[in-house]
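Here is the structure we will look at, set down as structure tokens.
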Amino acid sequence: MPHFYVTTPIYYVNDAPHVGHAYATVNADAVARWHRQIGDEVLFLTGTDEHGQKVARAAEEHKMSPQAWADRLAPRFAETWAALDVANDDFIRTTEPRHHRAVQRFLQRIFDNGYIEPGSYAGWYCVGCEAYKDESELLPGRVCPDHRRPVEWLEQENYFFRLSAFQDRLLEWYRDHPHSVQPETKRNEALSFIKGGLQDISITRTSIDWGVPVPWDPNHVFYVWYDALVNYLTAIGYADGDDGVGEWWPSVHHLIGKEIIRFHCVWWPAMCMAAGIDPPAHVQVHGFLLVGGERLSKTRVAGGGERAVKLTEIAPTALVDDFGVDPIRYHLLREVPLGADGEFSYEGIVSRYNADLANNLGNLMSRVATVVGSKCGGTGPAPRLESRLAGVAAEVVASATAAWERFAPHDALETTWRLIRETNAELEAAEPWRAEPGPEVDGVLGDALQALQIVALLAAPAMPTTCAEVWRRIGLTGRPEDQRLPGAARWGTYPGGGAVEKAPPLFPRRSQ
RNA sequence: GGCGGCGUAGCUCAGUCGGUCAGAGCACACGGCUCAUAAUCGUGGGGUCGCGGGUUCGAGUCCCGCCGCCGCUACCA
């Protein structure tokens, strides 16, 4: 059985879960659900990143220990994913013992292999950024442009990872794995960065103690990024196996935002090489959701009212309360192609909700149920094998499958909706509501029910609850997500004979 | 500055190797229908395919230049 391992970034417990987090997580969830439906053994990992100076500072401000602070925030992420019907198989926290063991083992291995050595680094340091700043990017008075506070001259004796030793190996690896980073343009970014020359990186800190201790020098803790990336190995048992990564590694799929390309496409593969394991097979980069084209804009928020909000101020749970889980999931998956930046707006959600969910899918369900009730006594007839829709369905299944396969939920859903539109058109052409009950009418409605069954299967990764409801209403037992594709989506699998239920609209229309 | 990308119907975008590629969805208009959530179905786009040259029998689709926009150019998660 094929193994499918997909990860999200682990989220820093510095701020509350927002729409940006939800975007990445729901996309990963939908892809994971798709792979379960096609019968893969799936491991879907998400979690929280809990070390580092910023967490320590935030905890301090709240007069809490860093651990207590992390213990308070991590569940908020878990709860948000539950509210979004995210079915992750594991939720990793970097403060867990299994992770400490994995980090220490991984980096000890790199140390033993000679790729970590002592050194010193000095420069202007912004505490807010937790980063050194080049003089050229500072505002007058040596002030950090992001945090508006003075930077400090900091010189540290640290351990350095010899990233520079991996330039050629990385280029060679990318040459041999041309599709490992997608979209292509993001791969180019990583490549040009590597070609520009790689410097060694300091990977430990002595200024704080909120981190994973360095095994060969307990005065140091690992720098957060070098701790965080290892989570992808922790979850598959790296700490305890030999290299413990057999069936899940390196065929992993890292879903990340474009702002962390360098860490995942340069540092991380080099670290893996240094530790003696293969780099991750695939990094799928997504873009940003924008509000009002920029960072700020007027947007309506749940409950009405209008004020300027940032994307990071929009709580996913508030959107779920307003629209329902599946419409939000659908919107996050359908509105923007994965990899591109896209607009996120209240108006956009309403508009797509009405067009795709209420008018197309929901209305099709309603009209079919009503006519089956009046012309077929409420019992769903079987489809016709020679139906024109059979060909459409086959094409749609094939292209939706291909789209899910290449991490393109946007395309998968778009093509799935083509079957809905064609089914509406087919009904319009046949007008079963005007005809006398009989084989002709049965055939038309059987086709429509078959189409709904297939739509429920193809859209289940995006809208599990709705698709299960469609499944039930058209008289089928079980749940779409328990069916095996592609077999279950073949034309002719709708059995007929079940009770078709007329029920309130799946998606009541909303006014702007 | 260097490297990379983008600029196609009101909006969001498709357009593989140059020759029915001038398209889709949404929005809008008109018509049909009334099973359905004022839903649905059909019809409608004279769009200089950013601008100017060039190659070619023929170019959104290749080459050169220009204009506009954007990303990356290291130790922030």
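Numbered from 1 within each chain, the chains take letters A, B, ... in sequence-line order. Note that the structure is predicted; figures quoted are calculated from it, not measured. Values reported hereafter were calculated over all heavy atoms of this structure, with side chains retained and with hydrogens, waters and symmetry mates removed.
The aromatic ring centroids of A:Phe106 and A:Tyr226 lie 6.0 Å or more from each other. Aromatic rings from A:Phe161 and A:Phe222 are positioned such that their centres are separated by 6.0 Å or more.
B:C33 is unpaired under the Watson-Crick or G-U wobble criterion, no partner having all donor-acceptor distances under 3.5 Å. Nucleotide B:C26 is matched to B:G10 when pairs are restricted to Watson-Crick or G-U wobble geometry with both distances under 3.5 angstrom.
Checking B:A36, B:U40, B:A74 against every side-chain atom of A:Leu163, the shortest atom distance belongs to B:A74. Residue A:Glu428 places its side chain closer to B:C41 than to any other of B:A39, B:C41, B:U37. Of the candidate nucleotides B:A74, B:G71, B:C26, B:C26 has the atom lying nearest to any side-chain atom of A:Ala355. Nearest to the side chain of A:Leu506, among B:C72, B:U37, B:A36, sits B:U37. Side-chain proximity of A:Asn363 to the nucleotides B:G71, B:C33, B:A36 is greatest for B:A36.
Within the 4.0 Å cut-off from OP1 or OP2 of B:U40, at least one side-chain nitrogen or oxygen of A:Asn359 is found. Listed pair A:Arg509 / B:A38 fails the phosphate criterion, with no side-chain N or O lying under 4.0 Å from OP1 or OP2.
Position along RNA chain B of the nearest nucleotide to A:Leu427 versus A:Ile203 favours A:Leu427 as the more 5'-ward residue. Comparing A:Leu361 and A:Asp200, the nucleotide of RNA chain B nearest to each residue sits closer to the 5' end for A:Leu361.
One interatomic measurement links the two molecules: CH2 of A:Trp225 to P of B:A74, which rounds to 17 Å at whole-angstrom precision. Rounded to an integer number of Å, the gap from A:Arg162 CZ to B:A74 P is 22 Å. Atom CZ of A:Arg334 is separated from atom C1' of B:C26 by 10 Å (rounded to the nearest Å).
Side-chain N/O atoms of A:Ser164 and A:Asp200 include a donor and acceptor closer than 3.5 Å.
Aromatic ring pairs are classed by plane angle as parallel below 30°, tilted from 30° to 60° and perpendicular above 60°; the pair A:Tyr23 and A:His286 is perpendicular.
Judged by atom type and distance alone, A:Glu414 does not reach the base of B:G25 through any side-chain donor-acceptor pair under 3.5 Å.
Within 4.0 Å (heavy atoms only), A:Arg352 reaches no atom of the nucleic acid at all.
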